[in-house]
Colleague: 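So that we are looking at the same thing, I have put the structure below in C-alpha cells.
Within every chain, numbering begins at 1; the chains are lettered A, B, ... in the order of the sequence lines, protein sequences first and strands thereafter. If you're wondering where the values come from, they're calculated on a predicted model, not measured in any experiment.
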Amino acid sequence: MKQAPSIPISGERLTTDFYQQATATVAKALIGKAILHRVGAVWLGGWIVETEAYLHVRDPASHSARGLTASNRSMFQAPGTLYVYPIHAKHCLNAVTESAGQGAAVLIRAIEPVWGTERMQSHRGPVNMRRLTAGPAMLCQALDIDRRDDGRSLTHDPDLGIFEASEVPPRAVATTRRIGISKSAHRMLRFVDPQSPFLSRPYRKK
DNA sequence: ACTACGATTACCT
DNA sequence: GGTAATCGTAGTG
C-alpha cells in the first residue's frame, strides 16, 4: 500500500481560521511560514519571505475588482483555496482569504528555498540560488505549480499546504508598496522579511 | 477576428 | 538603470 511521505517539517498546517482573517493580516502573518508542494516523492518549498495583499473592496489592482469571471473564479472560493493565474506567459500563486464570494487573496511573491532545492533547480534551469524563487513566477516554476493547480485546497490537499514553523523564530516584517501595478500603486500592502536575501527586490528603508 | 495589456522576467548598457 | 519577449484574457466590432 502506497503511503504519501509526511511533510519535512514539524509544525501545524494553517487552517481556514487563519485564511479567513483580514487579507492584510494574513499577508503579514504569512511571512516566516513554510509553503510545501509534493511532486512525486519529493517535497518542494521553503520559508515565505514576501507577500502582497489584494483586497475585495476599493482595490482596483485586484483581479476581483471587475467581478467574477471564468478565469478568476477560484479567487471567490473558500478561504485557503489556491488561486493560480497566468501572466506574461508565466504563473503566479495566491492564497484566498476572507470568506467565499468576496474575492480577496494574498500573492506569495518569494520564498527562501529550503526543501527539494535540487529538484527546484531542475525546474528553473541554471540560476543562482538567490534567483531560484525570488519572484512570483520564479516561485511557481520552481514549485512546479501552474494553471492546472488553480483551485486546489491549501487546507485539505495532502500534497500542498502552508505550515506554521514551530522550530524557527519569528521574523521581522516590513511594509512597502506593491510591485508591478499601476492602479492603487501607493498602498502599503506588500510585506517582506527585510533581512532576507531572497526577495524579488531588496528592501530599502525610505 | 483583432487589439491592447499585464500582480513578470531575462538580458542589455 | 531600461526594454523586449511572450501569451492568456478581456474588450471591441
Colleague: Of all the choices, B:dA7, B:dT9, C:dA10, which nucleotide is nearest to the side chain of A:Asn94 once you look at every atom?
Modeller: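 That would be B:dA7.
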Colleague: Rounded off to whole Å, could you give me the NE2-to-C1' distance for the A:His88 and B:dA4 pair?
Modeller: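 Rounded to the whole Å, the gap is 12 Å.
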Colleague: How do A:Arg124 and A:Ser64 order along DNA chain B: which one's closest nucleotide is nearer the 5' end?
Modeller: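 Between the two, 5'-proximity favours A:Ser64.
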Colleague: Less than 4.0 angstrom between a side-chain N/O of A:Arg147 and OP1 or OP2 of C:dT9, yes or no?
Modeller: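 Looking at the OP1 and OP2 atoms of C:dT9, one of them is under 4.0 Å from a side-chain N or O of A:Arg147.
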Colleague: Rounding to a whole Å, what distance do you find between A:His123:NE2 and B:dT9:C1'?
Modeller: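 In whole Å, B:dT9 C1' and A:His123 NE2 are 19 Å from each other.
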Colleague: Mind running side chain to side chain contact (heavy atoms under 4.5 Å, CB included) on A:Thr81 and A:Ser153 for me, showing each step along the way?
Modeller: CA-CA 5 Å; A:Thr81 299; A:Ser153 172; 5.9 Å; no
Colleague: Out of C:dA10, B:dA7, B:dT8, which has the shortest distance to the side chain of A:Ala137?
Modeller: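 For A:Ala137, the side-chain atoms sit closest to B:dT8.
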Colleague: Starting at atom CG of A:Leu139, determine the distance to atom P of B:dT8, rounded to an integer number of angstrom.
Modeller: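 Value for this atom pair: 13 Å.
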Colleague: Kindly point out which of B:dT8, B:dG6, C:dA10 is positioned nearest to the side chain of A:Ser182?
Modeller: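 Looking only at side-chain atoms, A:Ser182 lies closest to B:dG6.
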Colleague: Check whether any side-chain N or O of A:Thr97 sits under 3.5 Å from a backbone N or O of A:Thr23 as a donor-acceptor pair, and report yes or no.
Modeller: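 Side chain of A:Thr97 to backbone of A:Thr23, a donor-acceptor pair under 3.5 Å: no, none is there.
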Colleague: To the nearest angstrom, how far is A:His63 atom NE2 from B:dG6 atom P?
Modeller: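 It is 10 Å, rounded to the nearest whole Å.
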Colleague: Relative to A:Tyr54, does A:Arg178 satisfy both conditions: NZ or CZ under 6.0 angstrom from the six-membered ring centre, and within 45 degrees of the ring's axis?
Modeller: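 Ring-cation test returns yes.
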Colleague: Taking the nucleotide of DNA chain C with the nearest heavy atom to each, does A:Ile87 or A:Thr69 sit closer to the 5' end?
Modeller: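 On the 5' side of the pair lies A:Ile87.
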Colleague: Measuring to OP1 and OP2 of B:dA7, would you say a side-chain N or O of A:Ser62 lies under 4.0 angstrom away?
Modeller: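 No, no such contact exists.
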Colleague: Looking across every strand, which nucleic acid part, if any, lies under 4.0 Å from A:Ala61 by heavy atom: base, sugar-phosphate, or nothing?
Modeller: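 The residue A:Ala61 makes base contact.
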Colleague: Are A:Arg66 and C:dT9 close enough that a side-chain N or O sits under 4.0 Å from OP1 or OP2?
Modeller: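 False: A:Arg66 side-chain N/O out of range (4.0 Å or more) of C:dT9 OP1/OP2.
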Colleague: Taking CG from A:Asp59 and C1' from B:dA7, how many angstroms apart are they, rounded to a whole number?
Modeller: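 Nearest whole value for this atom pair: 10 Å.
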Colleague: At 4.0 Å (heavy atoms only), tell me whether A:Arg190 reaches a base, stays on the sugar-phosphate, or touches nothing.
Modeller: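 Here A:Arg190 touches no strand at all.
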Colleague: Testing A:Ile108, A:Ile162, A:Thr51 for side chain to side chain contact (heavy atoms under 4.5 Å, CB included) with A:Lys33, which one passes?
Modeller: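 The passing option is A:Ile162.
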Colleague: Rounded to the nearest angstrom, tell me the gap between atom CG in A:Asp150 and atom C1' in C:dG8.
Modeller: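 The answer, rounded to whole Å, is 13 Å.
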Colleague: Tell me the interatomic distance from A:Arg148, atom CZ, to C:dG8, atom P, rounded to whole angstroms.
Modeller: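 Taking CZ of A:Arg148 and P of C:dG8, I get 13 Å after rounding.
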Colleague: After noting the C-alpha distance and the side-chain angles of A:Glu50 and A:Ser196, does the key distance pass the side chain to side chain donor-acceptor pair (under 3.5 Å) rule?
Modeller: CA-CA 9 Å; A:Glu50 176 178 344; A:Ser196 175; over 6 Å; no
Colleague: Does B:dT3 have a Watson-Crick or wobble partner in any strand here, with both distances under 3.5 angstrom, and which is it?
Modeller: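 Per the H-bond distance test, C:dA10.
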Colleague: Could you tell me whether the side-chain ring of A:Tyr54 sits stacked on the base of B:dA7, using a centroid cut-off under 5.5 Å and a plane angle under 30°?
Modeller: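 The ring of A:Tyr54 is stacked on B:dA7.
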Colleague: Rounded to the nearest Å, what distance is computed from the CZ atom of residue A:Arg131 to the P atom of nucleotide B:dT9?
Modeller: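 Computing the A:Arg131:CZ to B:dT9:P distance gives 8 Å.
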Colleague: List the steps and the verdict of side chain to side chain contact (heavy atoms under 4.5 Å, CB included) for A:Ile7 and A:Trp115.
Modeller: CA-CA 10 Å; A:Ile7 59 166; A:Trp115 300 281; over 6 Å; no
Colleague: A:Leu107 near the nucleic acid: base, sugar-phosphate alone, or nothing, with a heavy-atom cut-off under 4.0 Å?
Modeller: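 If one applies the 4.0 Å heavy-atom cut-off, A:Leu107 turns out to touch a base.
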